Number of protein chains: 2
Amino acid sequence: MKLDSIDHRILRVLQKKGRIQNLELAKEVGLSPSPCLRRVRLLEEAGIIRGYAALLDAPKIGLKLTVFARVWLTGQDVETTDHFVQQVIQLPQVVECHLMAGDCDFILRIVAADLDAYRQFQVEHLGRIKGVKSIKTEIPMQECKLSSELPL
Amino acid sequence: MKLDSIDHRILRVLQKKGRIQNLELAKEVGLSPSPCLRRVRLLEEAGIIRGYAALLDAPKIGLKLTVFARVWLTGQDVETTDHFVQQVIQLPQVVECHLMAGDCDFILRIVAADLDAYRQFQVEHLGRIKGVKSIKTEIPMQECKLSSELPL
DNA sequence: TCTGAAATTGATGGCTT
DNA sequence: AAGCCATCAATTTCAGA
């Protein structure tokens with residue numbers, strides 16, 4: 001799918017204001033409501049817009065801690081890594097999981113209420129997944145930026 | 001602000017379907033439309049709902065690469081770190097920036113079109129920020145999970 | 001592909017329970 | 001606080017340019 005400059009404008013606006021009304025969106029991108037809506041539908045159908053989400057304030061709902069966990073597995077074979085991925089993506093505390101090319105096998109970003117809650121999570125969930133050899137955690141002191149907005 | 005179980009249900013639904021209509025949301029949480037809308041407005045005003053966003057598919061808009069960059073600064077003093085943060089949060093390619101407690105000073109997650117685009121970004125933007133001593137990059141081979149949904 | 005009008009559907013606020 | 005109801009506004013569809 002080819003995107004023109006109006007599509008780009010639409011995406012930029014929707015990344016910032018996901019619940020904007022079509023009438024206002026149309027005004028902002030310089031289109032009348034019907035073609036604007038049609039473009040949005042096309043972007044949704046093409047999967048360029050994966051979905052819409054409310055963004056919550058983690059500390060305000062009691063999640064005061066973010067942790068990065070670096071995970072090493074006992075082997076790099078497909079069975080071991082696939083099994084790990086399947087388990088980990090089901091854990092709602094794990095908000096990111098990246099299969100790495102270099103040193104360690106995975107980097108996870110995990111949210112938790114506090115350090116105790118994280119320790120419990122690691123012992124009861126992460127550490128119990130088959131094939132996990134070791135876990136090293138790194139704790140951010142401050143979240144300087146956390147954006148769902150992509151540049152375009 | 002105290003959240004009851006209906007507020008939790010509202011937040012869970014809105015995290016998944018940020019553009020759901022109030023009528024349908026009310027049905028899903030077992031409320032009639034007006035009190036449902038009232039609760040949503042209160043959650044927004046309290047800042048528990050920070051906003052709404054369209055989630056885009058990075059590869060489909062040409063961003064095929066994610067990079068983790070670990071950054072060390074020449075000093076840990078407030079001026080050096082503050083300056084770095086102020087510069088980095090303005091760069092749209094930087095989607096996450098965490099000030100770390102341990103080994104390195106910052107972990108950034110950066111999106112780019114490809115490795116060439118990233119290299120250029122590092123040389124022209126990241127590396128030029130005052131106080132940056134060294135940068136080590138780590139490249140994920142696969143994004144297994146990347147969620148904006150918090151557990152509750 | 002856009003525009004503009006018409007019909008359907010949703011948002012919203014006051015009032016009652 | 002929640003439900004009901006009336007009003008107002010937005011979405012959505014379709015004909016015509």
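Atoms considered below: every heavy atom in the structure, side chains included; atoms not considered: hydrogens, waters and symmetry mates. In what follows, every chain begins at residue 1, and chains take the letters A, B, ... in the order their sequences are listed. From a predicted model like this one, the values you see are computed outputs, not experimental measurements.
Projected onto DNA chain D by closest heavy-atom contact, B/Arg19 and B/Asp4 fall at different nucleotides, the more 5' of which corresponds to B/Asp4. Residue order along DNA chain C, read from the 5' end via each residue's closest nucleotide, puts A/Leu42 first among A/Gln21 and A/Leu42.
Comparing the axis of the opening five pairs of the helix from C/dT1-D/dA17 to C/dT17-D/dA1 with that of the closing five pairs yields an angle of 30°, rounded to 10°.
Under the rule for a side-chain contact (heavy atoms from CB on, under 4.5 Å), the partners of B/Ala46 that lie at least two apart in sequence or sit in another chain are B/Met1, B/Ile48. Considering only residues two or more places apart in sequence or on other chains, B/Glu45 meets the side-chain contact (heavy atoms from CB on, under 4.5 Å) condition with B/Arg41, B/Leu42. Listed by chain and residue number, nothing satisfies the salt bridge (Lys or Arg N to Asp or Glu O under 4.0 Å) test with B/Glu143 (two or more places apart in sequence, or in another chain). In terms of the side-chain contact (heavy atoms from CB on, under 4.5 Å) criterion, residue partners of B/Pro59 (sequence neighbours excluded) are, by chain and number, B/Asp57. Residues forming a side-chain contact (heavy atoms from CB on, under 4.5 Å) with B/Glu28 (at least two apart in sequence, or on another chain): B/Val13, B/Lys17, B/Ile20, B/Glu24. Residues forming a salt bridge (Lys or Arg N to Asp or Glu O under 4.0 Å) with B/Arg38 (at least two apart in sequence, or on another chain): none.
Rounding to the nearest 0.5 angstrom, the gap separating the CG atom in A/Leu99 from the CD1 atom in A/Ile107 is 10.5 Å.
Within the structure, every pair that satisfies the salt bridge (charged side-chain N to carboxylate O under 4.0 Å, His left out) test and touches residues 107-121 of chain B, not counting sequence neighbours, is listed here: A/Glu96-B/Arg109, B/Glu96-B/Arg109, B/Asp116-B/Arg119.
Of the residues in residues 22-40 of chain A, those with a non-hydrogen atom less than 4.0 angstrom from any atom of DNA chain C are A/Ser32, A/Ser34, A/Pro35, A/Arg38, A/Arg39. Interface residues of residues 45-53 of chain B facing DNA chain C, ordered by number: none; criterion, heavy-atom separation under 4.0 Å.
Using a 4.0 Å cut-off between charged nitrogen and carboxylate oxygen, A/Arg39 and A/Glu44 do not count as a salt-bridge pair.
The nucleotide range of DNA chain C contacted by chain A, defined by atoms under 4.0 angstrom from heavy atoms of the protein and reported 5' to 3', is C/dT1 to C/dG4.
In this structure, A/Leu115 and A/Leu65 have side chains that are in contact, with non-hydrogen atoms separated by less than 4.5 Å. Using a 4.5 Å cut-off on side-chain heavy atoms (C-beta onward), B/Thr137 and B/Gln122 make contact.
In this structure a side-chain-to-backbone donor-acceptor pair under 3.5 Å is missing from B/Ser32 to B/Ser34.
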Pairs of donor and acceptor atoms involving the side chains of residues 82-93 of chain B, under 3.5 Å and at least two apart or interchain, shall be tabulated with distances.
none

